[in-house]
Enquirer: 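Following this message is one structure expressed as structure tokens.
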Amino acid sequence: MSQERTLSIIKPDAVSKNVVGQIISMFEAKGLKVVAAKMMQLTQEQAEGFYEVHKERPFFNDLVKFMISGPVLVQVLEGDNAIALNREIMGATNPKEAAPGTIRATFASSIDENAVHGSDAPETAKNEISFFFKDAELCPRTR
Ligand code: IDP
Ligand code: MG
């Protein structure tokens, strides 16, 4: 297995439920390490840019509105196989289909408001990390 970094966002619904710490604990319990984190209120332009890949989808406008409805916690997680592991800990996009014990099964109320984002592949992880963080903001774990 290879050490990877992935972008994680705790979305406005989960921040508003005040479960940021519980969600980070679920990542830590499976061995992922936070190497960068910041709370942000996204602008419309940032949300549209981040989700540009979905701009032709019928839910795009609602998704952008949701993502700017309150602050988010943007993080970079590091670990063995971090990209797939993060997706596994998150659970399926639709919380109704998410496996028990996953973040989405535990905290998400609908497919529109599903608690977390996670990169889906090495190339998207690289692009999504640099969308939010400068290299100097990533803090390698030295101990
Ligand atoms: P992912 O977040 O599990 O990677 P994507 O297919 O990349 O899922 O979709 C991005 C986000 O867009 C989802 O997390 C969800 O918030 C929203 N979304 C996806 N599909 C739907 C849908 O069918 N209806 C409403 N919102 C959706
Ligand atoms: Mg996705």
Side-chain angles (χ1 to χ4, degrees), residues 1-135 137-141:
M1 290 217 261
S2 61
Q3 283 286 309
E4 290 177 339
R5 287 176 173 174
T6 190
L7 187 86
S8 162
I9 303 178
I10 303 182
K11 295 182 177 181
D13 58 325
V15 172
S16 127
K17 288 174 181 158
N18 213 25
V19 293
V20 167
Q22 289 183 68
I23 290 175
I24 294 174
S25 292
M26 291 163 88
F27 294 133
E28 290 181 336
K30 294 282 170 82
L32 291 175
K33 295 175 178 171
V34 178
V35 296
K38 57 186 166 190
M39 185 74 85
M40 297 178 75
Q41 171 62 57
L42 298 183
T43 64
Q44 171 134 351
E45 291 67 33
Q46 283 172 315
E48 285 174 355
F50 183 74
Y51 277 120
E52 186 164 18
V53 62
H54 293 309
K55 72 170 183 292
E56 304 303 333
R57 310 282 288 273
F59 56 81
F60 180 72
N61 287 342
D62 288 342
L63 174 60
V64 168
K65 227 189 272 174
F66 163 58
M67 289 300 288
I68 65 174
S69 66
V72 295
L73 189 82
V74 186
Q75 316 177 74
V76 179
L77 303 175
E78 181 179 80
D80 275 344
N81 209 17
I83 297 166
L85 178 57
N86 178 37
R87 300 281 308 187
E88 198 179 303
I89 298 166
M90 287 163 58
T93 307
N94 185 346
K96 292 192 180 79
E97 291 159 15
T102 60
I103 293 170
R104 283 167 165 167
T106 308
F107 295 117
S109 41
S110 69
I111 193 168
D112 308 83
E113 304 213 346
N114 61 0
V116 278
H117 167 84
S119 309
D120 61 8
E123 192 60 25
T124 45
K126 192 167 168 278
N127 293 338
E128 291 179 357
I129 290 168
S130 63
F131 188 91
F132 286 114
F133 294 98
K134 301 187 188 97
D135 278 353
E137 292 176 303
L138 307 175
C139 303
R141 292 295 187 94

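Whatever order the structure lists ligands and atoms in, that order sets their numbers, starting from 1.
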Enquirer: Looking only at heavy atoms, is any part of L63 under 4.0 Å from ligand 1, and if so is it the side chain, the backbone, or both, or is it neither?
Expert: side chain
Enquirer: With heavy atoms of K11 as the reference, note each atom of ligand 1 found under 4.0 Å away.
Expert: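 Answer, ordered by atom number: 13 (C), 14 (O), 16 (O).
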Enquirer: Checking the N or O distance criterion of under 3.5 Å, is ligand 1 in contact with T93?
Expert: yes
Enquirer: Given side chains that start at C-beta, do those of F50 and L42 come closer than 4.5 Å, heavy atoms only?
Expert: no
Enquirer: How about T43 and I68: do any of their side-chain heavy atoms sit closer than 4.5 Å?
Expert: no
Enquirer: Compile the donor-acceptor pairs under 3.5 Å between side chains in residues 82-95 and protein atoms, sequence neighbours left out, one pair per line.
Expert:
| from | atom 1 | to | atom 2 | distance (Å) |
| --- | --- | --- | --- | --- |
| R87 | NH1 | G118 | O | 2.9 |
| N94 | OD1 | K96 | N | 3.0 |

Enquirer: Going by the salt bridge (charged side-chain N to carboxylate O under 4.0 Å, His left out) test, which pairs reach into residues 36-53, not counting sequence neighbours?
Expert: K38-E137, E52-K55
Enquirer: Taking heavy atoms and a distance under 4.0 Å, where does H54 meet ligand 1: side chain, backbone, both or neither?
Expert: side chain
Enquirer: Taking NZ, NE, NH1 and NH2 as the nitrogens, is one of them in R5 or E78 under 4.0 Å from a carboxylate oxygen of the other?
Expert: yes
Enquirer: Hey, which atoms in ligand 1 end up nearer than 4.0 Å to a heavy atom of N114?
Expert: 13 (C), 14 (O), 15 (C), 16 (O)
Enquirer: Between the main-chain N or O of L7 and the side-chain N or O of S119, is there a donor-acceptor pair closer than 3.5 Å?
Expert: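 Yes, because the side chain of S119 sits within donor-acceptor range (under 3.5 Å) of the backbone of L7.
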Enquirer: Quick test of your reading of the structure: of F60, F59, F66, whose heavy atom lies closest to atom 19 (C) of ligand 1?
Expert: F59
Enquirer: Take V74 and F133, measure what side-chain contact (heavy atoms from CB on, under 4.5 Å) needs, and give me the verdict at the end.
Expert: CA-CA 9 Å; V74 186; F133 294 98; 3.7 Å; yes
Enquirer: Taking only heavy atoms of R104 into account, list the atoms of ligand 1 that are under 4.0 Å away from them.
Expert: 1 (P), 2 (O), 3 (O), 14 (O)
Enquirer: Applying a 4.0 Å heavy-atom criterion (strictly less than), which segment of I111 is in contact with ligand 1: side chain, backbone, both, or neither?
Expert: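 Both backbone and side chain.
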Enquirer: With heavy atoms of R87 as the reference, note each atom of ligand 1 found under 4.0 Å away.
Expert: 1 (P), 3 (O), 4 (O)
Enquirer: Is there a heavy atom in D112 that sits closer than 4.0 Å to ligand 1?
Expert: yes
